[in-house]
Amino acid sequence: MAFFQGITNHVFCSVMKRRGATALRHLDEVSKRAVAASEETLLKILKDNENTEYGKLYNFSEIKSIEDFKKKVPFSNYDSYASYIERMIQNDEENLITSYPVKHYALSSGSVGVPKHIPVTQATIDNYAIYGASILFGVMDEYYRNTTGKTYKDGFCLNTIEAPPMMTENGVPKGPISGTALRELAEHLTNFMTSPADLVFPTEPMDSKYLKLRFALPNRKVTCMTSAFMTSLVDLMTWLESNWESMCDDIEKGVIGESILVSDELRKKFESMFTPDPERAEELRNEFRKGFDEIVIRIWPDFQWLGAIGTGGFSQYTLKMRQYTGKNIPYSFLNYAASESLMAVARRTGEDGFVLLPDGGFYEFIPADSDDEETTLTIDQLEAGKDYEIVVTNLSGFYRYKIKDVIRVKGFYNEAPLVSFLYRKNQMISIAGEKTNEEALRWTISKFQDETGILVRDYSIYADTDSKPGRYVLFIEPDKEIEESKIEEYRDTAEKLLGQANPSFGQKIMNNTLGKTKLCITQQETYMLYRDIMIRKGVSQNQLKPVRAIDTPMKEKFFFKFIEMETE
């Protein structure tokens, strides 16, 4: 059995490396002609969709250039398509906003309002197959060949992605796009992943953290971890820190703990896959007793790489994950994507700049410092170091769509811009016109860590408009307990840094237009608990973004409930 599993694992790894190499070559080639490819992509989208209801409304057939497109087609948002999408789902109508068959509906993360159904065509799914999955294997294969002269070792992947099977009223799959690609491999997942299909495609509530680790820990050949976001991996390791003793007992006995939430049917099925393993249990106990620094490479000596979105708002979790893996394990930060489009991918390990995909859609850019929000630029007009709002025309029926993301151009890869996400325009905190965005908050926390020596697991901001004058309330969850006597000092440090990150904020503090900032220290694992609650409410863990702004009554009620100490 072990021999056969080793053969199938080797075959799977070899296939994915080849696909990854092909994806890298494709990206390299198209990035060399990104300007032309971008226009070709737009004109093909318009030609293919000129006979749709939306295409006729805006005369796609008459558009022969980018300038024609800008003149004839207005900016849009989700409301521009909501009635069409309702007809697509309720009445099974076709050829409304796209001529391409809709194979899936992505659900927005719900960070703003009610989750929305985003159409996903086969063209988008194919784009994800190349750039959302295959390219990761190519990036890691290239890294190891360049640094060691040979590829990375075969082995199994601890993957936290979950894709519960869901359908629209007309029988089209919906949920995370990643689930669409994985579902085609459901019967073969255990050739590469530690989790069986019942964990990846859950149909009932279960203690997923326990079960993912219960399958992964006995396997000595775990060589990588992947997740949509770094938060899921850190949450998994945090849970293990608190529960390793009972986990090791269960591995020793070959059982699932009696207190673990799982149906009787699945418990029986899962336990049939385990055998008592006292030797592995003792190995694990010995390592866990030493602490959790670099625990990943101590319990899995062949561990090779990690892939998860870990830049921007997730950077705090990357710092924490580094404690678990050590600093020498290569990370890929995967991509820059939204429910509407996979826009850019990480070309190399460790880079927080992503190569914009010139054949993955058509993109326009509005300078962030411009008062003119009607005039857009194309990729050949962008400047390194400048910030832009990105406007998307995707492969699934959205045209000149404002997703409200602001990105920074960090440079160029051949002709393609290297971009990084900065903040969402509609998630700024502004009590008195000071407009503090996520980038300013992220910089503040980074410098706060440098000045105080405290690793911040997570953080949020709340606009307290009931106080007179209004004030900011900063929530942080530190990595360890802090001295209560220091909290006023830490508040002053955070306020000073916020003023440096956003001079308008600092000025308004000085002239008392804003009241003194309040600092709240949350209980340990507060943010993990919030994510667990959201998952139980049906939000996909693959789409759970960090809570940067406490901007709903539900968030307000939750986070104020878990304050451990606070300033006045």
Side-chain angles (χ1 to χ4, degrees), residues 38 41-42 44-46 48-49 52 54-55 69 73-86 88-89 96-132 168 172-181 228-229 309 312 334-345 354 356-366 376 379 388-407 419 421-427 539-540 542-545:
S38 179
T41 299
L42 172 64
K44 183 179 189 308
I45 289 171
L46 297 174
D48 290 349
N49 292 285
T52 63
Y54 198 86
F69 178 60
V73 181
F75 291 129
S76 67
N77 55 32
Y78 186 81
D79 289 342
S80 308
Y81 307 102
S83 61
Y84 295 108
I85 293 170
E86 184 177 1
M88 291 159 68
I89 293 175
L96 298 181
I97 58 176
T98 178
S99 64
Y100 311 139
V102 174
K103 300 292 187 179
H104 187 90
Y105 285 91
L107 300 181
S108 72
S109 62
S111 56
V112 181
V114 178
K116 304 174 179 66
H117 287 70
I118 312 294
V120 179
T121 64
Q122 187 62 51
T124 298
I125 293 172
D126 292 343
N127 199 45
Y128 266 89
I130 297 171
Y131 292 126
T168 62
V172 177
K174 67 179 182 178
I177 299 176
S178 54
T180 301
F229 301 131
I309 297 173
L334 300 185
N335 52 54
Y336 163 50
S339 298
E340 296 80 8
S341 181
L342 173 60
M343 293 169 279
V345 296
F354 302 92
L356 196 75
L357 302 174
D359 57 345
F362 178 74
Y363 304 102
E364 300 170 68
F365 305 86
I366 301 170
T376 64
I379 61 173
Y388 304 89
E389 179 184 354
I390 188 168
V391 181
V392 177
T393 296
N394 69 12
L395 303 175
S396 295
F398 284 8
Y399 309 90
R400 307 198 79 200
Y401 187 88
K402 285 195 167 188
I403 61 175
K404 298 293 185 180
D405 279 5
V406 174
I407 56 96
V419 304
F421 170 81
L422 292 184
Y423 60 89
R424 287 182 64 83
K425 286 187 69 175
N426 56 351
Q427 288 193 323
V539 178
S540 168
N542 308 334
Q543 294 185 310
L544 267 175
K545 309 294 196 305

* Asked: Which heavy-atom pair separates Leu96 from Thr52 by the least distance, and what is that distance?
  -> O-CB, 3.5 Å
* Closest approach of Ser339 to Ala106 (non-hydrogen atoms, all atoms of both residues) -> O-CB, 4.0 Å
* Structure fact -> Rounded to the nearest 0.5 Å, the CD atom of Glu364 sits from the CD1 atom of Ile379 at a distance of 12.0 Å
* To do: For the residue pair Pro119 and Ile97, establish whether any side-chain heavy-atom pair is separated by less than 4.5 Å.
  => yes
* Do the side chain of Tyr105 and the main chain of Lys116 share a donor and acceptor less than 3.5 angstrom apart? -> no
* To do: Please list, chain by chain and in numerical order, all residues satisfying side-chain contact (heavy atoms from CB on, under 4.5 Å) with Ile45, sequence neighbours excluded.
  => Thr41, Asn49, Thr393, Leu395, Tyr399
* Asked: Are the side chains of Lys402 and Ile366 in touch, meaning some heavy atoms are under 4.5 Å apart?
  -> yes
* Worked verdict on Met343 versus Phe354 for side-chain contact (heavy atoms from CB on, under 4.5 Å) -> CA-CA 9 Å; Met343 293 169 279; Phe354 302 92; over 6 Å; no
* Structure fact -> With sequence neighbours left out, the residues meeting side-chain contact (heavy atoms from CB on, under 4.5 Å) with Ser76 are Tyr54, Ser80, Tyr81, Tyr401
* To do: Could you list the residues that satisfy side-chain contact (heavy atoms from CB on, under 4.5 Å) with Lys44, not counting sequence neighbours?
  => Asp48, Tyr100
* Asked: Taking all non-hydrogen atoms of both residues, which atom of Val419 and which atom of Ala344 are closest, and how far apart?
  -> CG2-CB, 4.0 Å
* Report the distance from atom OG1 of Thr376 to atom CD1 of Ile390, rounding to the nearest 0.5 Å. => 11.5 Å
* To do: Check for a donor-acceptor pair, side chain of Asn394 on one end and backbone N or O of Glu340 on the other, with a separation under 3.5 Å.
  => yes
* Are side-chain N/O atoms of Thr124 and Ser396 paired as donor and acceptor at under 3.5 Å? -> yes
* Are side-chain heavy atoms of Tyr78 and His117 found at a separation under 4.5 Å? -> yes
* Asked: Passes side-chain contact (heavy atoms from CB on, under 4.5 Å), Phe398 versus Val392? Steps please.
  -> CA-CA 8 Å; Phe398 284 8; Val392 177; over 6 Å; no
* Passes side-chain contact (heavy atoms from CB on, under 4.5 Å), Asp359 versus Tyr131? Steps please. -> CA-CA 11 Å; Asp359 57 345; Tyr131 292 126; 3.5 Å; yes
* In Å, rounded to the nearest 0.5 Å, how long is the span from CD1 of Ile118 to CG of Leu107? -> 8.5 Å
* Minimum side-chain heavy-atom gap Ser341-Tyr363 below 4.5 Å -> yes
* Asked: How long is the span from the CZ atom in Arg424 to the CD1 atom in Ile403, to the nearest 0.5 Å?
  -> 7.0 Å
* When rounded to the nearest 0.5 angstrom, what is the spacing between NE2 in His104 and OG1 in Thr168? -> 10.0 Å
* Would you name the heavy atoms of Val73 and Arg400 that are closest together and state the gap between them? => O-NH1, 2.9 Å
* Asked: OH of Tyr336 to CD1 of Ile309: how many Å apart, nearest 0.5 Å?
  -> 11.0 Å
* Asked: Closest approach of Gly360 and Asn127, non-hydrogen atoms and distance?
  -> CA-ND2, 3.8 Å
